[in-house]
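In this chain, residues are counted from 1 in sequence order.
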Amino acid sequence: MAMAFETAFGIAPAGGAPKLNPVGGIPIPPAAGDAVKDIPAPSKMNRKVFRTVFHQNSKYRDFLSGITPAVNKAAGAPDFTIVKGTLYRASEHAKTDGGAALLIIDEINRGPAVQVFGGAIVAMESDKRLAADSSKRSETQFFEMLDPATGDVIEYALPHDLYILAAMNQADASVEPLDVAFLRRWEPLRLEPDEKALRDFYGLGAKGANALPDPLVNVTDALEASVRAWVAVNEQISLGRGPEFQIGHGVLMSDVKPQTLPLPEALGALCVGWAKVRAHIEEVFFGDTRGIAATLNALDGPAFNPFKLTETTFADDLRFRLEGPTNFNEDNIYPALRAFAKG
């Protein structure tokens, strides 16, 4: 997305309006209609992407402007300086001649978003920006901030060609839900686990009706088992905890195409990805051994499943224990995937 915006896919003055990649492209801002959309501000050639990550210690001064102690100051220089925050720098770039800026905020719900945005919470709305030529409109919303250049309190407004893209995971247990009034100012776009994306990455076609072979024959069968198992695991997670807790297809993707590897190496690559899937399942169903077992098809699953749910007692109380390998390896990963996939 950042590369698409910054390069506009090789925009040239005589090349016409650039297009987003129609395969998995995310419109900015989201829009209904055709799959292919114009890149925002297609006539602007001075394009730049700014990035930040919100966390518990994110502050207004880091995002817009504020006073901070001066570091490595010269003798006689002031002890404090006014920082230029990420949103301020992106806004100033978008105000330059031919400028357009994309600000990407990752993990927006992990920080105090409303406090970090401050007065910009209203000013960021599209109908409250400056005009395309940076002139004031009757609807433009100004807010007060410290001018990093002078230290004076000034009225500031956000430019027309500043685009803000934020990402969050609603299922994160360590953060609080975002303020409703803050959320209303965004155009939501929900991203779901995509089986086709994983199949395309693996070089697989559509799912067939055939059962997974035993024993394993080739890399293609191992990758097919991985896809089917991932789909089945997400179905169980959706039932047990809710669809927002599903694990995305990206966890099983890397910079190496497993279909290009010899079978042992491909199995090793699957072990890495499925170790992450297993860790996710154990976290989502923390304290619920039967929930973990159900997700791994270990309640009444096939005999070849390396995971088994057993019953025992402690102080005369019934207890459940999930028995199985500590880690995936080249010998157990395919039987495990076959069992998870129920096939």
For the student: nearest non-hydrogen atoms of [X] and [Y], plus distance:
X      : Y      : answer
Ala113 : Ile108 : CB-O, 3.9 Å
Arg199 : Ala206 : NH1-C, 4.0 Å
Ser58  : Pro112 : O-CG, 3.7 Å
Met124 : Leu158 : CA-CD1, 3.5 Å
Ala225 : Ala341 : O-CB, 4.4 Å
Val53  : His55  : O-CD2, 3.5 Å

Enclosure of [X] [atom1] (heavy-atom neighbours >12, cutoff 6.0 Å):
X      : atom1 : result
Asp152 : CG    : yes
Lys257 : NZ    : yes
Lys59  : NZ    : yes
Phe286 : CZ    : no
Asp317 : CG    : yes

From [atom1] ([X]) to [atom2] ([Y]), nearest 0.5 Å:
X      : Y      : atom1 : atom2 : value
Phe201 : Leu223 : CZ    : CG    : 9.0 Å
Arg137 : Arg129 : CZ    : CZ    : 10.0 Å
Leu103 : Arg51  : CG    : CZ    : 10.5 Å
Tyr60  : Gln115 : OH    : CD    : 12.5 Å
Leu337 : Ser226 : CG    : OG    : 5.5 Å
Ile247 : Ile281 : CD1   : CD1   : 7.5 Å

Any donor-acceptor pair under 3.5 Å linking the side chain of [X] with the backbone of [Y]?
X      : Y      : result
Asn305 : Pro302 : no
His249 : Leu198 : no
Asn297 : Ala339 : yes
Ser65  : Asp147 : no
Asn109 : Asn169 : yes
His93  : Asn46  : yes

Quiz item: Checking side-chain contact (heavy atoms from CB on, under 4.5 Å) for the pair Arg290/Phe285: CA distance, chi angles, key distance, verdict?
Solution: CA-CA 9 Å; Arg290 282 185 60 85; Phe285 292 95; over 6 Å; no
With the 4.5 Å side-chain cut-off for hydrophobic clustering, are [X] and [Y] part of the same group?
X      : Y      : value
Met253 : Val251 : yes
Val231 : Leu239 : no
Val83  : Phe80  : no
Val122 : Leu162 : yes
Leu130 : Phe50  : no

Quiz item: Can a cation-pi geometry be assigned to Arg338 and Phe304, taking NZ or CZ under 6.0 Å from the six-membered ring centre and within 45° of the ring axis?
Solution: yes
Any carboxylate oxygen within less than 4.0 angstrom of a Lys/Arg side-chain nitrogen, looking at [X] and [Y]?
X      : Y      : value
Lys95  : Glu92  : yes
Lys308 : Glu323 : no
Glu224 : Lys207 : no

May I ask you to test the [X]-[Y] pair for a side-chain heavy-atom distance under 4.5 Å?
X      : Y      : answer
Leu87  : Val116 : no
Leu267 : Phe328 : no
Thr295 : Ile292 : no
Trp186 : Leu165 : no
Ile67  : Arg61  : no
Val153 : Glu144 : yes
Leu102 : Ile104 : yes
Leu296 : Leu322 : yes

Practice problem: Decide side-chain contact (heavy atoms from CB on, under 4.5 Å) for Met168 and Phe54; before the verdict, give the C-alpha distance in whole Å, the side-chain angles of both, and the deciding distance to 0.1 Å. | Solution: CA-CA 10 Å; Met168 60 179 280; Phe54 278 12; over 6 Å; no
Quiz item: Should the pair Phe340 and Trp274 be assigned to parallel (<30°), tilted (30 to 60°) or perpendicular (>60°) ring geometry?
Solution: tilted
Quiz item: In terms of ring plane angle, is the pair Tyr88 and Tyr156 parallel, tilted or perpendicular, where the classes change at 30° and 60°?
Solution: tilted
Quiz item: Are Leu263 and Asn218 close enough, and set up right, to give a side-chain contact (heavy atoms from CB on, under 4.5 Å), and what steps lead you there?
Solution: CA-CA 6 Å; Leu263 182 56; Asn218 52 44; 6.0 Å; no
Exercise. Walk me through it: do Arg228 and Leu212 pass the test side-chain contact (heavy atoms from CB on, under 4.5 Å)?
Key: CA-CA 10 Å; Arg228 295 189 189 184; Leu212 295 169; 3.9 Å; yes
